[in-house]
Amino acid sequence: MAGRMVVGSAALAGLVRPASAPDPAGGHRVLPVAPELTGLLPNRGLRRGSTIAVSAGQPRRSGGTSLVLALLAEASRAGSWCAVVGVPTFGAGAAAEVGIALDRLALVPDPGPEWPTVVAALIDGVDVVVTAVPQTVSASVANRLAARARQRGSVLVPYGRWDGADVTLQVVRGVWEGLGSGRGRLRRREVTVSARGRGAAARPKEIKVWLPGDGLTRVIPRPPAAGGVGRSRRGTLTVVGSA
């Protein structure tokens, strides 16, 4: 099943659960993420009620869609419902490959001018709501949606520029692997992901990780500089492939 395509307000109303209904994820306040991403988030996962933005970055090297998939995978496996709004190129096949349960995935490719209403309705009943950020979104609308997520215990994941997020993640560098001398195919990309935010996430961090992952990664501290002690000022972590 290639995800649930949601068209029209009636279909949307039938999809979301009432806010008073039992939490399908067992009421856990933090939804899990892949182990290699835990170091980027202050609660080592997706805290319910938080806003975790994924900056689109420069198209040629953003890797933002792959990062969104990686963020959703573990929560989906654990039983959470996820929704993706305003990303018509979002691939259900790619989602399934990283472990996202397609029978708990709602897709709204084109929400139209009622984008805030669609996102708000999904926040009321879906655990993690990813939404492309329109160019014209106002600060007041963004604040209302973030406040609604806090109230309902949903995780809002704006994909694009979003001021005031609890954490903003961005792929800042990337190198593809798989091509040889004139032959081969692109298999995966080593990317550097930065995290910045406020409160517990105020200290900037970076990791390197494979996207898509291969299940053979581990997080290790970057070696301290000669004569130095402990971690670097940026609290940098490196993710490398293990044998």
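This is a predicted model, so every value here is computed, not measured.
Proximity of Thr65 to Val54: side-chain heavy atoms (C-beta onward) are nowhere separated by under 4.5 Å. Between Asp124 and Arg148, some side-chain heavy-atom pair lies under the 4.5 Å cut-off. Side-chain contact between Val167 and Leu40: absent, with no pair of heavy atoms (C-beta onward) separated by less than 4.5 Å. Side chains of Thr51 and Leu145 form no contact here, defined as non-hydrogen atoms less than 4.5 Å apart. Counting heavy atoms from C-beta on, the side chains of Val130 and Leu71 never come closer than 4.5 Å.
Separating the CG atom in Leu122 from the CZ atom in Arg152 is a distance of 13.0 Å, to the nearest 0.5 Å. Atom CZ of residue Arg77 and atom CZ of residue Arg104 lie 11.0 Å apart, to the nearest 0.5 angstrom. In this structure, CZ in Phe90 is found 5.0 Å from CD1 in Ile100, a value given to the nearest 0.5 Å. One finds the CD1 atom of Ile207 at 5.0 Å from the CG atom of Leu37 (value rounded to the nearest 0.5 Å). To the nearest 0.5 Å, atom NZ of residue Lys205 and atom OG of residue Ser194 are 12.5 Å apart. With rounding to the nearest 0.5 Å, the separation of CD in Glu36 from NZ in Lys208 is 15.5 Å.
Using modelled atom types, one side-chain atom of Ser154 and one backbone atom of Val126 make a donor-acceptor pair closer than 3.5 Å. Of the possible donor and acceptor atoms, one in the side chain of Arg198 sits under 3.5 Å from a partner among the backbone N and O of Gly164. In terms of modelled atom types and a separation under 3.5 Å, the side chain of Asp127 and the main chain of Cys82 share no donor-acceptor contact. Within the 3.5 Å criterion, the main-chain N or O of Ala101 finds a donor-acceptor partner in the side chain of Ser76. Proximity of a side-chain donor or acceptor of Asp110 to a complementary backbone N or O of Gly112 within less than 3.5 Å is detected.
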Exercise. Carefully, step by step, assess Val87 and Leu107 under the rule side-chain contact (heavy atoms from CB on, under 4.5 Å).
Key: CA-CA 8 Å; Val87 188; Leu107 302 176; over 6 Å; no
Requested in this report: Dump the intermediate steps for side-chain contact (heavy atoms from CB on, under 4.5 Å) on Arg47 and Asp166, then the final yes or no.
Outcome: CA-CA 10 Å; Arg47 178 177 57 81; Asp166 296 293; 4.1 Å; yes
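A side chain to side chain contact (heavy atoms under 4.5 Å, CB included) with Trp115 is found for exactly one of Val108, Val133, Thr136, Val137, namely Val137.
When all heavy atoms of Ala165 and Ala53 are compared, the closest pair comes out as CB-CB, 3.8 Å. Residues Leu67 and Gln170 approach most closely at CD2-N, 4.5 Å, considering heavy atoms. Minimum heavy-atom separation, Leu105 to Ala95: CD2-CB, 4.4 Å. Minimum interatomic distance between Ala149 and Leu156 (heavy atoms only, all atoms of both residues): CB-CB, 4.0 Å.
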